[in-house]
Number of protein chains: 2
Amino acid sequence: MLNERTGVPPHDCEECPIRHRAVCARCESDELEQLDGIKYYRKYEAGQTVIWSGDRMDFVGSVVSGIASLTQTMEDGRTQMVGLLLPSDFVGRPGRATAAYDVVATTDIVMCCFRKAPFEEMMVRTPHIAQRLLEMTLDELDAAREWMLVLGRKTAREKIASLLSIIARRDASVNARPDKSEIVFDLPLTREAMADYLGLTLETVSRQISALRKDGVIALEGKRHVTVPDMTRLLEEAGDDADGGVFA
Amino acid sequence: MLNERTGVPPHDCEECPIRHRAVCARCESDELEQLDGIKYYRKYEAGQTVIWSGDRMDFVGSVVSGIASLTQTMEDGRTQMVGLLLPSDFVGRPGRATAAYDVVATTDIVMCCFRKAPFEEMMVRTPHIAQRLLEMTLDELDAAREWMLVLGRKTAREKIASLLSIIARRDASVNARPDKSEIVFDLPLTREAMADYLGLTLETVSRQISALRKDGVIALEGKRHVTVPDMTRLLEEAGDDADGGVFA
DNA sequence: CGCTTATTTGACGTTCCTCAATATCCGTGG
DNA sequence: CCACGGATATTGAGGAACGTCAAATAAGCG
């Protein structure tokens, strides 16, 4: 039976798809029970804004399914995506009253939200949560720094190849195909969202994707379905070491 | 008396200039004593590399004085600075064996180092350290995201103005001059380091600084000594909201 | 004072952006 | 099932911003 208000079925934490990767990953069952008491699910449709920058935050939470983006906007409308929130990623900053960024659902998403005050209280008492949050924050910091190199020093073509590599790598861990060297995935982002992520215009994104297709680095079916015949080649195009990581 | 090996005078933590901002900020005196047992000071000269990316890390630590930079380099030599380490900033990642970035002393620096294994052990037992580290990491993540907007969406002129604003803001908290609206500081970075921070070439950095000088946004004495007659103007040039923060 | 390094400036080329037109996709209703 | 309309994506032409290469100037240091 669905929860009428949120349209989301209540979950048992033990069966939660992000149980072992989210902020609650290290929690014992008694700790999960406590979290259960302050949690609720919310669903957002693709395109919906979850949080506006500057708004008061009364919750923090985890992305359970779907993809959301974290963006900053300048007064004149220029926008830069500063984070891509995948399942298990954490939203909100304990100890901060207002949101620093816009959070927008890129696909339909489900979030597991915790009321902020009780969550913060619990963090003080529960090292398992604070430890995991530190670990996740350090990972995000690494990802942000990786992205600074992409934004600051890579060409448009390399930027696109970098983004495709990241998406491919993520999907590979889910849709692993040991039999094929070929990688296949759907782009979860519009050309405009890709442009906002990469610090480009959507026209440049489109042109570079066309160029990569023409050069045989990728193949497209429709606008969103991508095939990578040779991952090593894509990584070379991204300007990265062709080794290391999942595809080594 | 100086320590012969490191050339650094031993400090009492209570008198440490970064006592209340570094990773040890929340520690009680008994905790400081424990830290004291695993700490040592090291000094590096401007230009010296503190850590090479990929190297084994046997310590973590705090910058006590001076400025260091965190950089990433691509195979073909393109480099991007991904962090500027100011006094009290933390170096190294607990739980990681090798360095992810190059750390280079931009000015002469003194570091307070902790042997890694005992520090990690202590973190588990000492919530005060883990809490403070989480807070600092969240701040760094915010700074990194701020910088992603600069790298991805700002023009060369705005980038320079942004960097000057940040340095000015930092110095303002130290050399506050309530009597003057004028802000004066020394650039701690070469043109090349500025370029690496901003994702520009050093020629473009030089040209934009000249342009800002010609337009009266800043004044220069020598190459490094900067005067900002009107901070609001500089913030406008940076593309930021002219209000909020220290200079509101 | 001469040497080395940092910085500025100039001329020119390339990349990416802007503006504009066209094409494609996808959901909706006939 | 197909036609229509709005959103999304592609493609083209021209321009602006920034990078590259090269030379001149200034600054710091012995």
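Just so we're on the same page: letters track the sequence lines, and every chain starts at 1.
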(request) Taking only Lys NZ, Arg NE, NH1 and NH2, and the carboxylate oxygens of Asp or Glu, determine whether A/E203 and A/R207 approach each other closer than 4.0 Å. (result) no
(request) Assign B/G47 to base, sugar-phosphate, or nothing according to its heavy-atom contacts below 4.0 angstrom with the strands shown. (result) nothing
(request) To the nearest Å, give me how far apart CD (B/E158) and C1' (D/dA17) are. (result) 12 Å
(request) Provide, to the nearest angstrom, the distance between the NZ atom belonging to A/K154 and the C1' atom belonging to C/dT14. (result) 20 Å
(request) Starting from P on D/dC29, measure out to NZ on B/K223 and report it in whole angstrom. (result) 15 Å
(message) Would the distance check show the side chain of B/K154 and the main-chain N or O of B/A238 forming a donor-acceptor pair, the cut-off being under 3.5 Å?
(response) yes
(message) Any N or O donor-acceptor pair under 3.5 Å from the base of C/dC19 to the side chain of A/E203?
(response) yes
(message) Whether B/R191 contacts C/dT8 is assessed here as follows: a side-chain N or O lying under 4.0 Å from the phosphate OP1 or OP2. Is that the case?
(response) yes
(request) Would you mind classifying the nucleic acid contact of A/I209 as base, sugar-phosphate or nothing, using non-hydrogen atoms under 4.0 angstrom? (result) nothing
(request) Ignoring hydrogens and angles, tell me if any N or O in the side chain of B/R21 forms a donor-acceptor pair with the backbone of B/S88 under 3.5 Å. (result) no
(message) In whole Å, I'd like the distance from the CG atom of A/L220 to the P atom of C/dC25.
(response) 11 Å
(request) Name the orientation class of the two ring planes belonging to B/Y40 and B/F59 (parallel below 30°, tilted from 30 to 60°, perpendicular beyond 60°). (result) perpendicular
(message) Whether the side chain of B/R157 engages the backbone of B/Q208 through a donor-acceptor N/O pair (distance < 3.5 Å, no angle test) should be reported.
(response) no
(request) Classify the nucleic acid contact of B/R224 as base, sugar-phosphate or nothing, counting any heavy atom under 4.0 Å across all strands shown. (result) sugar-phosphate
(request) Write down the distance between CD (B/E45) and P (D/dC29), rounded to a whole number of angstrom. (result) 13 Å
(request) Provide, to the nearest angstrom, the distance between the CD atom belonging to A/E192 and the P atom belonging to D/dT10. (result) 13 Å
(message) Whether B/R207 contacts C/dT7 is assessed here as follows: a side-chain N or O lying under 4.0 Å from the phosphate OP1 or OP2. Is that the case?
(response) no
(message) Without decimals, in angstroms, what is the distance between A/L189 CG and D/dA9 P?
(response) 10 Å
(message) Quick check on D/dG19: is either OP1 or OP2 less than 4.0 Å from any side-chain nitrogen or oxygen of B/T204?
(response) yes
(request) Calculate the interatomic distance between B/L202 atom CG and D/dT20 atom P; express it in whole Å. (result) 10 Å
(message) Taking the nucleotide of DNA chain D with the nearest heavy atom to each, does B/T201 or B/G222 sit closer to the 5' end?
(response) B/T201
(message) Strictly below 4.0 Å: does B/S206 bring a side-chain N or O up to OP1 or OP2 of C/dT7?
(response) no
(request) Would you tell me if any nitrogen or oxygen in the side chain of B/R157 comes within less than 4.0 Å of OP1 or OP2 on D/dC18? (result) no
